[in-house]
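Note that these values count all heavy atoms, side chains included, but never hydrogens, waters or copies made by symmetry. Proteins get letters first, then strands, A, B, ... in listed order; numbering begins at 1 in each. Note that the structure is predicted; figures quoted are calculated from it, not measured.
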Amino acid sequence: MSIALIDCNNFYVSCERVFNPRLCGKPVVVLSNNDGCVVARSNEVKALGVKMGVPWFKCRDLAQQHGILAYSSNYALYADMSNRVMRILGALSPAQEVYSIDECFLDLAGCHAPNFTQFGQDIRQRIAQWTGLPVCVGIAATKTLAKLANHMAKKQAQFAGVCDLDAMPPGERDDRLQRIAVGEVWGIGPRLAPKLADLGIRSVLDLQRADPASLRRRFSVSMEKTIRELNGSVCIALEEMAPPRQQIVCSRSFGRPVTELHELNEAITHHMSRAAEKLRQQQSHAGALHVFIRTGEFNRAEPTYNNSLTLPLPSPSDDTRKLVRVALWGLKRIYRSGYRYRKAGVMLSVLASNQGMQGDLFDAPETAQAAKLMQTLDCINRRMGMGTVRLAAEGFSQRWHMRRSSMSPSYTTRWEALPLAS
DNA sequence: ATCACGGTTTGCA
DNA sequence: CTAACGTGCAAACCGTGAT
């Protein structure tokens with residue numbers, strides 16, 4: 001059993017560089033939604049000590065000094081580049097799990113490659129040539145180990161971007177695992193790492209050799225699975241088909257403080273429309289929805305107000321219009337004037353698959369006509385771009401919309417963005 | 001004492 | 001000029017009322 005984890009290096013920054021090669025060799029960051037935090041860093045920026053997830057305003061001085069170039073995130077571009085990469089990789093193996101926008105697992109069992117390290121190099125070469133993106137490849141017996149192998153391929157230059165843990169002599173392997181902090185393990189985050197350290201478990205090797213049963217009692221099942229995976233037994237299966245979500249959340253911070261109900265109405269309508277899209281995409285209906293609004297969580301000088309409301313739906317629905325109507329009703333109930341709201345969102349829950357749904361005695365079932373309408377809406381928006389056809393209640397000026405002060409053109413998804421002669 | 005539930009917190013990526 | 005800090009998901013946890 002061998003699994004490969006292919007992960008793009010500094011993915012968002014690398015995408016920007018593909019279409020703007022002048023950025024190569026320069027310190028570049030990509031910012032999160034609303035230009036809030038640093039979410040991707042070029043190696044030059046990492047070398048300057050800028051940490052992942054730092055609020056951008058806190059790096060402004062350093063950025064000024066070193067001429068760091070900052071881009072707002074351009075999801076249309078990254079999603080398109082991701083699709084290209086995933087399609088290429090998917091063709092190399094009968095089983096692929098797309099784990100996130102920039103990484104996927106491949107089951108190598110079905111790949112008749114004589115030498116997996118060479119196979120990894122071929123992958124790197126092909127992705128570089130066909131998309132312009134740099135990737136690293138980790139290979140091992142389980143997903144957890146493949147993640148770790150990928151980490152080594154990235155951090156240690158002598159691997160040249162490919163690390164096959166199974167091809168490594170056991171002595172050397174233990175030696176390397178000894179030198180990696182336990183917090184690098186997949187599933188061990190900033191909370192668990194210190195707790196493990198209290199027990200004397202500091203390195204990956206320590207965790208690998210820990211007793212799964214006792215750590216399960218102290219922590220959870222997932223901890224036991226992680227330990228077993230580190231020892232080469234598969235506990236976390238490759239999931240080719242993502243299981244349908246149990247809840248769907250859409251929320252955003254505003255580009256500026258919002259005080260008026262009519263603006264919140266627009267934002268909630270927008271978020272609910274997106275949530276309903278996701279809902280229909282996974283072929284579910286929602287049995288309940290949740291609306292929330294909140295003031296800033298960092299600004300302690302301002303009066304705080306957080307509120308939310310969960311509303312059961314009379315019968316499960318996937319109709320944007322019905323969901324929006326209920327959400328706005330809920331919003332009106334929780335809205336208080338006189339606050340500077342910074343964020344709003346919705347959540348759909350009690351999700352049921354479209355097959356075998358229970359009807360309601362007192363509520364009209366969703367009509368075939370409504371289903372057809374939603375289908376058409378989704379079809380147009382998929383083809384012509386997000387939000388081509390939408391509810392007017394989403395508003396037009398959208399003064400609450402997130403900040404994106406410096407976004408690159410969407411080269412691969414908008415004709416107008418191509419720098420052709422006009 | 002135990003269970004199902006719903007809401008909240010925790011944790012991760 | 002100033003103020004400014006992301007999102008989505010699930011599991012664990014906890015209090016409550018019913019059994």
What is the nucleic acid contact for A/Gly187, judged by heavy atoms within less than 4.0 Å: base, sugar-phosphate only, or nothing?
-> sugar-phosphate
Partner nucleotide of C/dT16 by Watson-Crick or wobble geometry (both distances under 3.5 Å) | B/dA4
Integer-rounded Å distance: C/dC5 P and A/Arg294 CZ = 12 Å
Pair A/Tyr12 and A/Tyr75, ring centroids less than 6.0 Å apart = yes
How would you label the contact of A/Trp186 with the nucleic acid (heavy atoms, under 4.0 Å): base, sugar-phosphate, or nothing?
-> sugar-phosphate
Separation of C/dA3 P from A/Arg403 CZ (nearest whole Å) = 13 Å
What is the distance from CD of A/Glu103 to P of B/dA13, rounded to the nearest Å?
-> 10 Å
Ion pair check, A/Arg209 and A/Asp174, cut-off under 4.0 Å = yes
Centroid-centroid under 6.0 Å between A/Trp186 and A/Phe105 rings = yes
Partners of A/Asn10 by side chain to side chain donor-acceptor pair (under 3.5 Å), sequence neighbours excluded?
-> A/Asn43, A/Lys46
Nucleotide B/dA13, atom P - distance to CD1 of A/Ile188 in whole Å | 8 Å
Please walk me through it: do A/Ile3 and A/Ile139 pass side chain to side chain contact (heavy atoms under 4.5 Å, CB included)?
-> CA-CA 6 Å; A/Ile3 293 175; A/Ile139 299 166; over 6 Å; no
C/dG6 -> Watson-Crick or G-U wobble partner, both distances under 3.5 Å, gives none
Is it true that the side chains of A/His290 and A/Thr310 contain a donor and an acceptor less than 3.5 Å apart?
-> yes
Looking only at side-chain N and O atoms, does A/Lys147 come under 4.0 Å of OP1 or OP2 in B/dA13?
-> no
Summarise how protein sits on nucleotides 4-9 of chain B as a single string, 5' to 3': B when a protein heavy atom is under 4.0 Å from the base, S for sugar-phosphate-only contact, - for no contact.
-> ------
Reckon A/Arg256 touches a base, only the sugar-phosphate, or nothing at all at heavy-atom distances under 4.0 Å?
-> nothing
Please determine, by modelled atom types, if A/Ser405 and A/Asp35 share a side-chain donor-acceptor pair under 3.5 angstrom.
-> yes
Kindly assign one of parallel, tilted or perpendicular to the pair A/Trp400 and A/His271, based on the angle between their ring planes and the thresholds 30° and 60°.
-> perpendicular
Determine the Euclidean distance between corresponding C1' atoms of B/dG11 and C/dG6; express it in Å to zero decimal places.
-> 16 Å
Is there side-chain contact between A/His285 and A/Leu313, with at least one heavy-atom pair below 4.5 Å?
-> no
Contact letters for nucleotides 6-14 of chain C, in which S counts primed atoms plus P, OP1 and OP2 and B counts the base, heavy atoms under 4.0 Å = SSSSB-S--
